[in-house]
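Counting from 1, the numbers follow the sequence of the chain as shown. What you are looking at is a predicted structure, and each value in this text was computed from that prediction instead of being measured.
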Amino acid sequence: MSVPPPSPARPHVSLQQPSQKKSPWKPSKLFKSFRHVFRSFPIITPNACKFPAGGRPVDGPHIHGGTRMTGTLFGCRRSRINLAIQENPRCIPMLVLELSTPTGKLLQEMGLGLVRIALECEKHHPADHKTKLMDEPIWTMYCNGRKTGYGVKREATADTLNVMEMLHATSMGAGVLPSDDTATDQGELTYMRGYFELVIGSKDSETYYMMNPDGNTGPELSIFFVRV
């Protein structure tokens with residue numbers, strides 16, 4: 001009797017499941033509070049990349065009524081960038097989006113100044129409108145007002161969980177991660193992680209503002225999810 005080959009081993013992951021607590025809707029006037037968002041985030045070279053010890057939250061600016069989350073932009077420099085949202089650095093991602101912008105290009109734009117990403121999807125027929133905003137599968141993407149392609153919701157793959165595992169002790173930072181695929185022609189596996197303040201305007205709009213605890217002037221990153 002033939003024996004089926006064993007399934008490929010899944011990498012050990014110590015990440016926790018996110019809690020099931022619900023975030024209350026907040027009035028749209030809270031969108032006016034974004035001035036304390038992420039200001040300055042140096043991209044660290046491979047030799048200078050340091051991982052902070054421990055996952056203790058860093059005290060810093062806070063948007064009144066917002067919910068603190070952890071956001072990570074990551075991907076090989078010449079491939080599409082991914083966005084992962086976690087309840088905290090030790091949790092399995094609640095949301096993973098693959099964006100059509102190359103990783104290196106988006107990080108370069110963030111180094112030049114203000115970056116606003118808008119992700120839009122269409123409303124369903126009212127009778128079928130039961131899908132939560134963050135469960136929408138496909139988004140049209142705009143970066144600083146320019147249509148740049150699309151965003152697609154993905155499941156957290158083994159590769160994604162491996163990246164989150166490597167960064168589980170990192171609250172915020174940027175740099176290059178080691179990769180087993182030395183033959184790739186897509187460039188280095190680069191990441192940037194920080195705290196985001198989630199502000200919920202309605203069931204059809206949510207915004208993530210990347211926070212900077214130093215309050216320095218410089219680049220800003222805001223990510224808007226809108227169902228229109």
Contact summary for [X] and [Y], nearest pair of heavy atoms:
X: H168; Y: R90; result: O-CG, 3.9 Å
X: G187; Y: R78; result: N-NH2, 3.3 Å
X: Q86; Y: M94; result: C-SD, 4.3 Å
X: L99; Y: G151; result: CD2-CA, 4.0 Å
X: S100; Y: R80; result: O-CG, 4.0 Å
X: S205; Y: L133; result: N-CD2, 3.7 Å

Any side-chain heavy atom of [X] within less than 4.5 Å of one from [Y]?
X: M69; Y: Y208; result: yes
X: M164; Y: R193; result: yes
X: Y209; Y: V199; result: yes
X: I85; Y: L97; result: no
X: L106; Y: V115; result: yes
X: L83; Y: I223; result: yes
X: L189; Y: V163; result: yes
X: E122; Y: V228; result: no

[X] side, atom [atom1]; [Y] side, atom [atom2] - distance, nearest 0.5 Å:
X: L73; Y: L107; atom1: CG; atom2: CG; result: 7.0 Å
X: K132; Y: R227; atom1: NZ; atom2: CZ; result: 11.5 Å
X: M166; Y: N162; atom1: CE; atom2: CG; result: 4.5 Å
X: L221; Y: I117; atom1: CG; atom2: CD1; result: 5.5 Å
X: T103; Y: E188; atom1: OG1; atom2: CD; result: 11.5 Å
X: R146; Y: M141; atom1: CZ; atom2: CE; result: 10.0 Å

Are [X] and [Y] linked, directly or through other ILVMFWY residues, by side chains that come within less than 4.5 angstrom of each other?
X: I92; Y: L167; result: yes
X: M134; Y: F196; result: yes
X: V96; Y: V152; result: no
X: Y150; Y: W139; result: no
X: Y142; Y: I81; result: no

Check for a donor-acceptor pair, side chain of S202 on one end and backbone N or O of D204 on the other, with a separation under 3.5 Å. yes

Side-chain (N144) to main-chain (R116) donor-acceptor, under 3.5 angstrom: yes

Any salt bridge between E136 and K153, counting N to O under 4.0 Å? no

Which residues share a side-chain hydrogen bond (donor to acceptor under 3.5 Å, both in side chains) with T70, sequence neighbours left out: none

List for me each residue that meets salt bridge (charged side-chain N to carboxylate O under 4.0 Å, His left out) alongside K105, sequence neighbours excluded, and say none if there are none. none

